[in-house]
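Letters A, B, ... mirror the listed sequences (proteins, then strands); counts begin at 1. Model, not experiment: these values are computed from the prediction.
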Protein chains: 2
Amino acid sequence: MKYQKEHDIFTSFLKNGKSRITPERFLVLDSALDYKGHFGADELYINMRNNNVNVSRATVYNTLELIAQCGLIVKRNFGDNRTSYEKNFGLKNHDHIVCTNCGKITEFETPKIKKLVEEICKNLDFEFEFESYTFNIYGTCKDKNQCKKFR
Amino acid sequence: MKYQKEHDIFTSFLKNGKSRITPERFLVLDSALDYKGHFGADELYINMRNNNVNVSRATVYNTLELIAQCGLIVKRNFGDNRTSYEKNFGLKNHDHIVCTNCGKITEFETPKIKKLVEEICKNLDFEFEFESYTFNIYGTCKDKNQCKKFR
DNA sequence: ATTATTGCAAACGCTTTGCACTCCC
DNA sequence: GGGAGTGCAAAGCGTTTGCAATAAT
């Protein structure tokens, strides 16, 4: 199977949480892993419908949340009032540059940011359990072939 | 007048952009500056109505955008799929810790992040005009008196 | 058998839009 | 007087919810 390792991870995550193993959940997982780049829940739902993979909207939303919880995809937020997801490529953490004009998203690696986050959490004056962070840089990309502002 | 300086700044911003000076825009500005903490556009609109300051929803939304453009307030995004604003206190840049459980927002100062952003933008392999960044840390705050998870 | 999960459609919250009216320049 | 700005209500969009039907344990 194409995503055997991910299936195994998701399976044990579900069993661990006393959640049920359903075919729909794995259909969503496969589609999410197949998706190139960032995607919204609704976007994935439509995409699946178009490919004749019929899982209800509610199930897609719920399942993406589960897959994010178990770490196979990552939840993102690019300031457009919707939740985006993307495949998690393991340890290599990266953040995003977003063109506010054409929507282009560029990824960059930030070895320094992780230390900074740890440092900040450690120095707080109240107890805080870290979950995640978002670090986005916004601006305009001046890509003459793509960016609406400059072409 | 209470916010004379801000009125002046907004006035010249509007004139500069060949936009009109209207009473509604200054009602929104005053209400935004009076608001304690972060607020959404709709939240401000309701708040204004409650105080018998009657400006239409559309105008509140449009005007907040303008005020943010001229820098008197800052646009934020805390991962809840809505746009938040807050008064801009000038140079002292700060970022946010968000409790994903009770919604509490804690501000912290980050002298290091600005340098990091500059460094990243400088080393990109394409031309990019920086506008802003978001840096939020998510987790649970374990405030026994407030946080739903621990009380 | 029990009960979590599913599918569907309706409701939700925030935001944007269309259009006639207003009033700043 | 012209056109940007306003107000209102309706529509839009992504997301969540309620409930009956289904299927995993």
query = Could you state the CG-C1' distance from Asp80(B) to dT15(D), rounded to the nearest angstrom?
reply = 13 Å
task = Tell me what Arg82(A) touches on the nucleic acid: a base, only sugar-phosphate, or nothing, going by heavy atoms under 4.0 Å.
result = sugar-phosphate
message = Any base atoms under 4.0 Å from Arg57(A), or only sugar-phosphate, or nothing? Heavy atoms, all strands.
response = base
request  = Output the single nucleotide from dT16(D), dC8(D), dA24(D) whose closest atom is nearest the side chain of Ala58(B).
outcome  = dC8(D)
Verdict with supporting geometry, Arg25(B) and Leu14(B), side-chain contact (heavy atoms from CB on, under 4.5 Å) = CA-CA 10 Å; Arg25(B) 287 178 171 170; Leu14(B) 290 173; 3.9 Å; yes
ask   = Which nucleotide, dT16(D), dT25(D), dG5(D), lies nearest any side-chain atom of Arg20(A)?
value = dT25(D)
remark   = Sequence neighbours excluded, the answer for side-chain hydrogen bond (donor to acceptor under 3.5 Å, both in side chains) partners of Asn81(B) is Thr83(A)
key: CG on Asn51(B) to OG on Ser31(B), rounded to 0.5 Å   = 7.0 Å
key: Per Val55(B) side chain, nearest of listed nucleotides dG7(D), dT25(D), dG3(D)   = dG7(D)
request  = Whole angstrom is fine here: how far is it from CE in Met48(B) over to P in dT6(D)?
outcome  = 11 Å
request  = Using a heavy-atom cut-off of under 4.0 Å over every strand shown, decide if Asn81(A) touches base, sugar-phosphate, or nothing.
outcome  = sugar-phosphate
ask   = With nearest nucleotides of DNA chain D determined for Glu24(A) and Tyr61(A) from heavy-atom distances, which residue corresponds to the more 5′ nucleotide?
value = Tyr61(A)
task = Considering just the side-chain nitrogens and oxygens of Thr22(B), establish if one lies under 4.0 Å of OP1 or OP2 belonging to dT6(D).
result = yes
query = Are any non-hydrogen side-chain atoms of Phe135(A) and Val117(B) less than 4.5 angstrom apart?
reply = yes
message = Reading DNA chain C in the 5' to 3' direction, which nucleotide is the first one with an atom under 4.0 Å from a heavy atom of chain A, and which is the last?
response = dT3(C) to dT15(C)
query = Atom CG of Asn62(A) to atom P of dC19(D): distance rounded to whole Å?
reply = 17 Å
key: Residue that, paired with Val60(A), satisfies side-chain contact (heavy atoms from CB on, under 4.5 Å) out of Val28(A), Asn47(A), Leu27(A)   = Val28(A)
query = If you pin Ala41(B) and Ile21(B) to their nearest nucleotides in DNA chain C, which one's is more 5'?
reply = Ala41(B)
inquiry  = How many whole angstroms separate atom CD of Glu65(A) from atom P of dT16(D)?
reply    = 8 Å
task = Have a look at the helix from dA1(C)-dT25(D) to dC25(C)-dG1(D) and give the angle its two end axes make, five pairs each, rounded to 10 degrees.
result = 30°
task = Between Ser19(B) and Asp42(B), name the one whose nearest nucleotide on DNA chain C is closer to the 5' end.
result = Asp42(B)
task = Nearest whole angstrom, please: distance from the P of dA9(D) to the OH of Tyr45(B).
result = 9 Å
ask   = Would Met48(A) and Tyr35(A) satisfy side-chain contact (heavy atoms from CB on, under 4.5 Å), going step by step from the backbone distance to the final call?
value = CA-CA 10 Å; Met48(A) 290 173 73; Tyr35(A) 209 100; over 6 Å; no
task = Please state whether the rings of His96(B) and His94(B) are parallel, tilted or perpendicular, taking 30° and 60° as the class boundaries.
result = perpendicular
task = Apply the test salt bridge (charged side-chain N to carboxylate O under 4.0 Å, His left out) to residues Asp42(B) and Arg57(B): give CA-CA distance (whole Å), side-chain angles for both, the deciding distance (0.1 Å), then the verdict.
result = CA-CA 7 Å; Asp42(B) 228 74; Arg57(B) 177 175 267 119; 3.1 Å; yes
task = Mind running side-chain contact (heavy atoms from CB on, under 4.5 Å) on Glu43(B) and Ser84(B) for me, showing each step along the way?
result = CA-CA 9 Å; Glu43(B) 198 177 336; Ser84(B) 288; over 6 Å; no
query = Which of parallel (below 30°), tilted (30 to 60°) and perpendicular (above 60°) describes Phe78(B) and His38(B)?
reply = perpendicular
